[in-house]
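In what follows, a single structure is set out as structure tokens and then discussed.
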Amino acid sequence: MNSLHIRRDDQVVVISGKSKGKKGKVIATIPSEGKVIISGINKVKRHKKARKQTDPSGIIEKEAPIYACKVMRVCPKCDKPTRLAHTFEDGKKTRLCTRCKREI
């Protein structure tokens, strides 16, 4: 799996799992694993040991990756979860909302 239907800075909603129904912004994508990292979603705690005297130690909370198939793009125009349609205009590929048919 090398390509994803989600890009960085997309607004998405989780459609299944423990965070179902929550919205967030995509921070990063991992196409080789088919996963995305979303701000405020799937938070995990990691115990970190200070490697240098200046490094902080303790329990750190961060976002963990979630499978891209479990999230759906939210259209900024109609504010609803939607699939993406693609069109080619003047040699450029554009993404469309399948609900309202507007460009994303």
(request) Dump the intermediate steps for side-chain contact (heavy atoms from CB on, under 4.5 Å) on Cys75 and Lys80, then the final yes or no. (result) CA-CA 6 Å; Cys75 177; Lys80 292 180 182 176; 5.8 Å; no

Enumerate donor-acceptor pairs with a distance under 3.5 Å from any side-chain N or O in residues 93-104 to protein atoms, sequence neighbours excluded.
from: Thr94; atom 1: OG1; to: Thr87; atom 2: O; distance (Å): 3.4
from: Thr94; atom 1: OG1; to: Thr87; atom 2: OG1; distance (Å): 2.7
from: Arg95; atom 1: NH1; to: Asp10; atom 2: OD2; distance (Å): 3.3
from: Arg95; atom 1: NH2; to: Asp10; atom 2: OD1; distance (Å): 3.1
from: Thr98; atom 1: OG1; to: Thr82; atom 2: OG1; distance (Å): 2.9
from: Thr98; atom 1: OG1; to: Arg83; atom 2: O; distance (Å): 3.3
from: Arg99; atom 1: NE; to: Pro81; atom 2: O; distance (Å): 2.9
from: Arg99; atom 1: NH2; to: Pro81; atom 2: O; distance (Å): 3.3
from: Lys101; atom 1: NZ; to: Thr98; atom 2: O; distance (Å): 2.9

Gap separating the [atom1] atom of [X] from the [atom2] atom of [Y], nearest 0.5 angstrom:
X	Y	atom1	atom2	result
Ile41	Lys20	CD1	NZ	14.0 Å
Arg8	Ile37	CZ	CD1	12.0 Å
Lys43	Ser19	NZ	OG	11.5 Å

(request) Please report the shortest heavy-atom distance between Ile30 and Pro65, naming the atom on each side. (result) CD1-CG, 4.0 Å

(request) Please name the pair of heavy atoms, one in Thr29 and one in Arg7, separated by the smallest distance, quoted to 0.1 Å. (result) CG2-C, 4.2 Å

(request) For side-chain contact (heavy atoms from CB on, under 4.5 Å), just list the numbers for Gln11 and Lys23, CA-CA rounded to whole Å, side-chain angles, deciding distance to a tenth of an Å, and then say yes or no. (result) CA-CA 7 Å; Gln11 190 73 20; Lys23 288 184 181 181; 4.0 Å; yes

Are [X] and [Y] connected, step by step, through hydrophobic side chains (Ile, Leu, Val, Met, Phe, Trp, Tyr) whose heavy atoms are closer than 4.5 Å?
X	Y	answer
Met72	Val74	yes
Leu4	Val14	yes
Val13	Val71	no

How about [X] and [Y]: do any of their side-chain heavy atoms sit closer than 4.5 Å?
X	Y	result
Ile38	Val12	yes
Ile66	Lys35	no
Lys70	Ser16	yes

Just distance, no hydrogens or angles: give the donor-acceptor pairs under 3.5 Å from side chains in residues 47-63, sequence neighbours left out.
from: Glu63; atom 1: OE2; to: Gly40; atom 2: N; distance (Å): 3.2

